Structure formats: structure tokens, C-alpha cells
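To keep things clear, I will list the structure first and then write my remarks on it.
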Protein chains: 2
Amino acid sequence: MMMAMSENGSLRRGRPGYDQQGILEVAIAAFNQYGYDATSMGVLADRLGLSKSAIYHHFASKDEILERALDDALSALEGVLGESGATQGRAADRLEAVLAGAVHVLVEKLPSVTLLLRVRGNTEVERRALARRRAFDRAVTSLVEEAQAEGSLRSDIDPSVVARLAFGMINSIVEWYRPGGKEDADRLAGDVIAIALDGLRMPTSNRVDELLG
Amino acid sequence: MMMAMSENGSLRRGRPGYDQQGILEVAIAAFNQYGYDATSMGVLADRLGLSKSAIYHHFASKDEILERALDDALSALEGVLGESGATQGRAADRLEAVLAGAVHVLVEKLPSVTLLLRVRGNTEVERRALARRRAFDRAVTSLVEEAQAEGSLRSDIDPSVVARLAFGMINSIVEWYRPGGKEDADRLAGDVIAIALDGLRMPTSNRVDELLG
DNA sequence: GGCATTACTAACCGATCGTTCAGTTAGTAT
DNA sequence: ATACTAACTGAACGATCGGTTAGTAATGCC
């Protein structure tokens with residue numbers, strides 16, 4: 001039961017119960033479990049312990065719930081692109097900062113990012129979210145291109161393929177990572193970045209062979 | 001329009017129109033575009049240019065369509081585990097064969113594997129498919145463990161995480177690979193395996209530093 | 001106590017859902 | 001022409017869908 005608090009921690013006026021954020025969190029969990037399309041407002045109401053119509057006091061529509069959730073995830077990911085580690089320095093370092101930042105966003109906002117990564121495109125809300133995702137992907141691809149031009153990233157593979165595969169790996173976290181599991185968030189980020197960057201860097205095998213003659 | 005042919009190529013008896021396979025292919029495409037849950041039998045009927053009830057001549061239920069599609073994908077993936085490259089030799093080589101085989105299955109059966117990778121688990125059909133997927137994942141994880149024990153694969157990362165990240169990358173193909181695009185299938189498989197294996201092998205960077213003193 | 005605020009309800013709506021049923025249609029074989 | 005085979009149809013069904021409406025309920029403030 002989400003007891004709505006005012007910003008200074010005192011109890012707010014009005015009937016106790018869920019607030020918008022409380023509804024949103026339960027909705028995201030249900031959407032992730034059953035899929036957005038297969039989650040009816042009835043199922044959601046059951047999960048909340050409310051009537052269906054009570055939900056409409058908080059959100060105008062099912063679509064609006066989705067839009068709020070997706071915006072949360074997208075804003076966090078877009079925020080990674082604006083951080084100082086992603087805007088200054090060599091392209092390879094910036095790329096590493098973006099990948100690490102993305103992993104942290106995935107872990108910290110696992111429910112809403114999970115929902116984002118499963119969006120289909122059936123509604124206008126979904127299509128707008130997909131457009132924002134594509135813009136993010138393009139920014140990452142540009143970074144890969146720059147790092148390849150610097151010579152610090154393998155250039156035998158098309159930059160858009162590199163970006164997609166790297167994010168394919170990172171995004172797979174939402175399918176199996178569970179907070180409190182065997183891997184803590186920092187260890188996970190370290191592991192993911194290690195594999196991704198080792199796969200992306202200029203291969204050093206030739207260098208070893210060269211040195212050994 | 002799928003003209004049903006008998007096995008020797010002559011026209012079969014009965015009214016011309018779709019056969020089961022023809023319905024299945026259109027259904028998979030619709031399921032992948034809109035999501036299984038958001039694809040109504042009405043939408044599917046529109047795509048087929050038939051009435052809704054015509055579909056039930058070919059399949060007993062929407063579920064049965066899904067089951068057939070998922071079985072197609074799963075059988076192909078499971079087949080990779082039974083190939084000689086995956087059953088003989090060093091573990092690292094077997095793992096590489098499995099990864100390459102999986103990429104080829106993804107590319108060759110892109111529609112049905114795409115559908116498989118998006119299964120939620122809302123129905124018994126879906127849950128059975130997920131169980132088969134988990135068994136596949138376990139087999140791959142075992143291979144990673146063996147390869148780590150051989151010393152040819154990095155062992156700084158938990159084998160189940162390694163397997164998941166590698167397949168996360170490989171499975172991401174379904175979200176962006178398009179036959180006839182920039183990357184042909186063999187090139188793609190090569191690129192994916194290069195990044196995955198470079199990310200998975202024992203790091204050679206230390207070796208370079210060591211040789212340089 | 002009355003008011004404002006905020007959360008919640010049951011009944012209802014029109015539309016759509018997956019499926020069934022009793023037929024019709026279009027081809028081949030005899 | 002008739003029988004068989006296989007594909008297809010419109011109407012109907014019970015259930016569920018997202019959403020609306022006119023209320024009720026529970027709190028804090030004055």
C-alpha cells in the first residue's frame with residue numbers, strides 16, 4: 001500500500017491509498033510479467049487490490065501508464081549521453097562511459113527499461129518511444145565510428161553492427177538479471193563491459209604473434 | 001496465395017487456397033509485428049484475406065498456431081546441439097560450433113526464432129517453450145564451464161553469465177537483422193562470432209604487456 | 001461540522017475477443 | 001452427374017476489453 005506523502009514527509013490530505021507512482025510501479029511489474037498487451041486493466045486492478053475504475057482516477061488511460069513508464073526509462077538512458085564521461089575525451093573512452101552508464105541505468109531502472117526493450121510499436125505512445133530509442137542507438141553508433149577512426153576499436157566490422165551487438169549484449173541483462181542474485185550490480189557492470197570491450201577492441205592476438213616472431 | 005501442392009508437384013484435390021504452412025507463415029509475421037497477444041484472429045484473417053473462421057479449418061486454435069511456430073524454432077536450435085561439431089572435440093571448439101550454429105539458425109529461421117525469443121509465458125504452450133529454451137541455455141552454460149576448465153576461455157566471469165551475455169548478443173540479431181540488408185548471413189555470423197569469441201577468450205592484453213616487459 | 005482534497009466503487013457502455021456451427025464453394029476422381 | 005476432398009463463410013456465442021459515470025469513502029484543515 002503506497003501511502004502518499006507530501007514532499008516534506010508529512011501526511012497529505014485526502015484518502016489514504018495508492019498514489020500515481022505506486023500504481024505505476026505495480027503496472028510496470030504486471031506489464032513485464034504478462035506483456036503490455038496481455039495485461040488487462042482488470043488484471044492490473046486485481047494486483048492493486050482495487051477496482052478497475054479506481055485506476056482511472058490516477059491515470060487517464062492504459063496508454064498514459066505506459067507512456068510514463070517508458071519516459072522514465074528513456075530519460076535515464078538519454079541522460080547517460082549527456083554525462084561528462086560521455087561528452088569529453090577520446091571516443092573509445094566516451095564509448096566505454098556510455099556502455100557502463102547504460103548498464104547502470106538498466107540495473108537501477110530494471111523494470112521500466114525492461115518494459116522499454118519489449119515495446120512493439122502498436123500505438124502512438126510506443127512508436128514515439130521507439131523513435132527515441134533509435135536516436136539513442138544512432139548516437140552510440142556515431143561514437144563507435146569515431147572510436148574506429150581513432151584506431152582504438154576494431155574496424156573490421158561495420159559500426160552500426162558493432163553498436164547493435166554491444167547493446168544486444170547489454171540489453172540482454174533485462175531478461176535474466178535479478179537484483180539480489182549472484183551478481184551484484186557493480187560486478188555485473190564490470191563483467192559486461194569486460195566482455196563487450198574485449199570483443200570490440202582491436203584484436204591483440206596478432207600483436208602477440210608478432211612479438212613472438 | 002499459397003497453392004497447396006501434393007508432394008510430386010501436381011495439383012492436389014480440394015479447393016485451392018492456403019494450406020497450413022501458408023497460414024502459419026502469415027501468422028508468424030503478424031505475431032512478430034504486433035506481438036502474439038495483440039494480434040487478434042481478426043487481424044490475422046485480414047492479412048490472409050480470409051474470414052476469421054477459415055483459419056479454424058487449418059488450426060484448432062490460436063494457441064496451436066503459436067505452438068507449431070515455436071516448435072519449429074526450438075527444434076532447429078536443439079538440432080545445433082546434436083551436430084558433430086557440437087559433440088566432438090575440445091570444449092572451446094564445440095562452443096564455437098554451437099554459437100555459429102545458433103547464428104545460422106537465427107538467420108535461416110528468423111521469423112519463428114524471433115517469435116520464440118519474445119515469448120512471455122502466459123499460456124501453457126508458452127511455458128513449455130520457455131522450459132525447452134532453458135534446457136538449451138543450460139547445455140550452453142555447461143559448454144562454457146568445460147571450456148573454462150580447459151583454460152581456453154576466460155574464467156574471471158561466471159559461466160552462466162558468459163553464456164547469457166553471448167546469447168544476448170546473438171539473440172539481438174532478431175531485433176535488427178534483415179535478410180537482404182547490408183550484412184549477408186555468412187558475414188554476419190562471422191562478425192558476431194568474432195566479437196563474441198574475442199570477448200570470451202582469455203584476454204591477451206596482459207600477454208602483450210608481459211612480452212614488452 | 002463543513003469543506004477541500006484525494007482515493008475508490010459498482011454498474012454500465014460499445015467494441016472486440018477467440019471460437020463454434022451449419023452451411024457454401026472450388027477443385028479432382030470416378 | 002455424383003462423390004469426395006479441402007478450403008472457406010456469415011452469423012452467432014459467451015467472455016473480456018478499455019473506458020465512463022455518478023456516486024461513496026477517508027483523510028486534513030479551519
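If you're wondering where the values come from, they're calculated on a predicted model, not measured in any experiment. Throughout, protein chains are lettered first and strands after them, A, B, ... in sequence-line order, and every chain is numbered starting at 1.
Residue pairs meeting the ring pair (Phe, Tyr, Trp, His ring centres under 6.0 Å) criterion with at least one member in residues 35-71 of chain B, sequence neighbours excluded, are B/Phe31-B/Tyr36.
The OH-P distance, from B/Tyr34 to C/dC17, rounds to 12 Å in whole Å. Rounded to a whole Å, the CE atom of B/Met41 is 17 Å from the C1' atom of D/dA11. Computed from coordinates, the B/Ile23 CD1 to C/dG18 C1' distance equals 16 Å when rounded to whole Å. Distance, A/Leu48 CG to C/dC8 P: 9 Å, rounded to whole Å. Whole-Å rounding puts the B/Gln21 CD to D/dA6 P distance at 17 Å. With rounding to whole Å, A/Lys62 atom NZ is found 4 Å from D/dG18 atom P. Between the OH atom of A/Tyr56 and the P atom of C/dA7 there is a distance of 17 Å, rounded to whole Å. In this structure, B/Tyr36 atom OH and C/dC17 atom C1' are separated by 12 Å, rounded to whole Å.
A/Arg120 and A/Glu126 are not joined by a salt bridge, as no carboxylate oxygen comes within less than 4.0 angstrom of a charged side-chain nitrogen. The residues B/Arg164 and B/Asp137 are annotated as not salt-bridged, no charged nitrogen and carboxylate oxygen being separated by less than 4.0 angstrom.
Of the side-chain N and O atoms in B/His58, none sit less than 4.0 angstrom from OP1 or OP2 of D/dA6. Taking side-chain N and O atoms only, A/Tyr18 has no distance below 4.0 Å to OP1 or OP2 of C/dA7.
Side chains of A/Asp63 and A/Ser61: no donor on one and acceptor on the other come within 3.5 Å. Side chains of A/Ser172 and A/Glu175: a donor-acceptor N/O pair is absent below 3.5 angstrom, by distance only. Donor-acceptor pairing under 3.5 Å is recorded for the side chains of A/Gln20 and A/Arg68.
Remark: the B/Arg13 side chain and the D/dA6 base include no donor-acceptor N/O pair separated by less than 3.5 Å.
No side-chain heavy atom of A/Leu116 sits under 4.5 Å from any side-chain heavy atom of A/Val174.
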Nucleotide N/O to protein N/O under 3.5 Å, stretch nucleotides 9-13 of chain C:
{"residue": "C/dT9", "atom": "OP2", "partner": "A/Ser51", "partner atom": "N", "Å": "2.5"}
{"residue": "C/dT9", "atom": "OP2", "partner": "A/Ser51", "partner atom": "OG", "Å": "3.0"}
{"residue": "C/dA10", "atom": "N7", "partner": "A/Ser53", "partner atom": "OG", "Å": "3.4"}
{"residue": "C/dA10", "atom": "N6", "partner": "A/Ser53", "partner atom": "OG", "Å": "2.4"}

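Both B/Ser40 and A/Gln20 lie close to DNA chain C; mapped to their nearest nucleotides by heavy-atom distance, the more 5′-ward contact belongs to A/Gln20.
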